[in-house]
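By convention in this document, chain letters (A, B, ...) are assigned in the order of the sequence lines, proteins followed by strands, and residues within each chain are numbered from 1.
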There are 2 protein chains.
Amino acid sequence: MKIGELAQQTGLTRSRIRFYEQIGLLKTVERRPNGYRTYPPQAVMILGLITTAQRAGFTLDEIRTLLPSDLTHWDHAALMEALTRKIADIEALQLRLPQSRAHLLRLIEDIQERPDDMDCAANAHRVLTNMLAEHPEALDVTAGDIRLLDTKDRRQSVSPGHRKKTASR
Amino acid sequence: MKIGELAQQTGLTRSRIRFYEQIGLLKTVERRPNGYRTYPPQAVMILGLITTAQRAGFTLDEIRTLLPSDLTHWDHAALMEALTRKIADIEALQLRLPQSRAHLLRLIEDIQERPDDMDCAANAHRVLTNMLAEHPEALDVTAGDIRLLDTKDRRQSVSPGHRKKTASR
DNA sequence: CTTGACCTTAAAGTTAGCTTCAAGGTTAGG
DNA sequence: CCTAACCTTGAAGCTAACTTTAAGGTCAAG
């Protein structure tokens, strides 16, 4: 299978597949006499695994150390440890999320509950002081190895699309 | 207050404070005749707010559009909308996390439950096929604007660490 | 008047995970 | 034989949120 076909079957871009090879993540690739890459059908599964693991929160680096070049020879111990650790991360996050959510709700209420005799400025100061006085970690939506971030348009650009200058000024 | 003192009081680095000014996030700063920056005591609170909002999952860009230069003149509507959206993100994540956790647990069990008459290779294939056959989003620990990531050493790099040329050959 | 702790700037570097670009080689169809 | 659709490479660019570097100015103490 040539790279174009593999790209089509996996839904990944050619550049991404070449990139994975470049960083040593995808090793099941040979060359035809003309220099073209050629992949075994297995490669579809490997790439599926990689993207699944990514969605589960593993970095490409972690995936590389876990993924055997031969799909049949896994390092059970390392794999189990990684999976277990990831579960622990999720559990830690599960504990924090309700707190963060409650804290945000409280913040909203706090802002809306402005006493009639208080002006905006004083109210703002009141709310801010309250907030910064709370546990500093109350709004912390991070847990161990895991962290919440903004994704923006990082998912699957289908059309090459119009680029967007972030224009930071 | 000079930048060193502000850095000390907030726990941030000088470079970070200058950076926030550079991207238009921190505007309460004047210059002394000698060119030194000078900050009002208020700046401590503003930086506290910024880091708190960051921990709550807001990007610096979002914070900039929400944070008024004058702490007493907030855009209530925009602020409420942002807070509400962030809560929704958290709730979406709260729904997904148990599923992801369950899926990872199932994966672990699946790997360990290898039938006695099956060799590792076949077992690996069985597990992989099972996994990739599941809902592709089952392991997806992302939700809307929110995403799980590995933090590694992104918090306070103590040692610069050895660089690694991506070129693997 | 020198030393050291501050302060200044612009520019480049860092990390992750890619994409885009520039400049070309290959191949199948008409 | 030409053209379009593939394929190749290395290098550079992108985003976010900073840090680091280089080259220098300021200031208080001794």
Side-chain angles (χ1 to χ4, degrees), chain A residues 1-8 12-26 29 31-39 47 50-51 53-55 57-64 147-168, chain B residues 1-8 12-26 29-39 47 50-51 53-55 57-64 147-169:
Chain A
M1 180 187 326
K2 284 190 290 182
I3 196 171
E5 197 188 335
L6 182 58
Q8 248 214 319
L12 307 186
T13 60
R14 297 167 182 72
S15 65
R16 192 162 163 186
I17 295 172
R18 279 190 285 249
F19 173 71
Y20 284 165
E21 178 186 346
Q22 198 184 312
I23 63 171
L25 188 48
L26 181 60
V29 50
R31 295 303 182 122
R32 295 189 183 171
N34 61 7
Y36 286 17
R37 288 171 179 81
T38 190
Y39 302 89
L47 287 177
I50 292 176
T51 51
Q54 257 191 301
R55 279 205 314 271
F58 291 91
T59 66
L60 295 185
D61 226 59
E62 289 174 312
I63 298 173
R64 176 174 39 208
R147 176 183 173 208
L148 289 175
L149 267 195
D150 203 317
T151 48
K152 301 274 176 194
D153 51 357
R154 290 186 48 69
R155 299 174 153 286
Q156 304 278 336
S157 56
V158 174
S159 60
H162 18 275
R163 306 284 303 112
K164 175 184 50 186
K165 282 294 183 192
T166 34
S168 61
Chain B
M1 182 189 325
K2 283 190 291 182
I3 197 171
E5 198 189 334
L6 182 58
Q8 248 213 320
L12 307 185
T13 60
R14 297 167 182 72
S15 64
R16 192 162 164 186
I17 295 172
R18 280 191 284 250
F19 172 71
Y20 286 166
E21 178 187 346
Q22 197 184 312
I23 63 172
L25 188 49
L26 182 60
V29 50
E30 312 244 304
R31 295 302 182 125
R32 296 187 183 174
N34 60 8
Y36 286 16
R37 288 172 179 81
T38 190
Y39 302 89
L47 287 177
I50 292 175
T51 52
Q54 258 190 300
R55 281 205 313 272
F58 291 91
T59 65
L60 296 186
D61 227 59
E62 289 174 312
I63 300 173
R64 176 174 40 208
R147 176 184 173 209
L148 288 174
L149 266 196
D150 204 317
T151 49
K152 298 277 175 189
D153 51 357
R154 288 190 50 68
R155 300 173 156 287
Q156 309 276 336
S157 63
V158 176
S159 64
H162 25 268
R163 302 279 307 105
K164 176 184 46 186
K165 278 295 182 193
T166 36
S168 63
R169 280 233 114 250

Gap between atoms [atom1] and [atom2], on [X] and [N] respectively (whole Å):
X     : N      : atom1 : atom2 : answer
B:R64 : D:dT15 : CZ    : P     : 13 Å
A:Y20 : C:dC18 : OH    : P     : 3 Å
A:R16 : C:dT19 : CZ    : P     : 6 Å
A:L12 : C:dC18 : CG    : P     : 9 Å
A:F19 : D:dG10 : CZ    : C1'   : 14 Å
B:L25 : D:dA16 : CG    : P     : 14 Å
A:E62 : C:dT15 : CD    : C1'   : 14 Å
A:E21 : C:dT19 : CD    : P     : 15 Å

Nearest heavy-atom pair of [X] and [Y]: which atoms, and what distance?
X     : Y     : answer
A:R64 : A:G24 : CD-O, 3.7 Å
B:R16 : B:T51 : NH2-CG2, 3.9 Å
A:I3  : A:R18 : CD1-CG, 3.5 Å

Taking C-beta and beyond as the side chain, do B:R37 and B:R31 meet within less than 4.5 Å on heavy atoms?
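Yes, at least one pair of side-chain atoms sits under 4.5 Å.
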Side-chain contact, heavy-atom cut-off 4.5 Å: B:L47 with B:Y39?
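B:L47 vs B:Y39: side chains apart.
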With a cut-off of less than 4.0 Å, is there a side-chain N or O of A:T13 near OP1 or OP2 of C:dT19?
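So the side chain of A:T13 is within the cut-off, an N or O lying under 4.0 Å from OP1 or OP2 of C:dT19.
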Between B:Y20 and B:I63, does the side-chain contact (heavy atoms from CB on, under 4.5 Å) criterion hold? Intermediate values first, please.
CA-CA 11 Å; B:Y20 286 166; B:I63 300 173; over 6 Å; no
In the 5'-to-3' direction, what one-character label does each nucleotide of nucleotides 2-11 of chain C receive under the scheme B = base within less than 4.0 Å of a protein heavy atom, S = sugar-phosphate only, - = no such atom?
----BSBB--
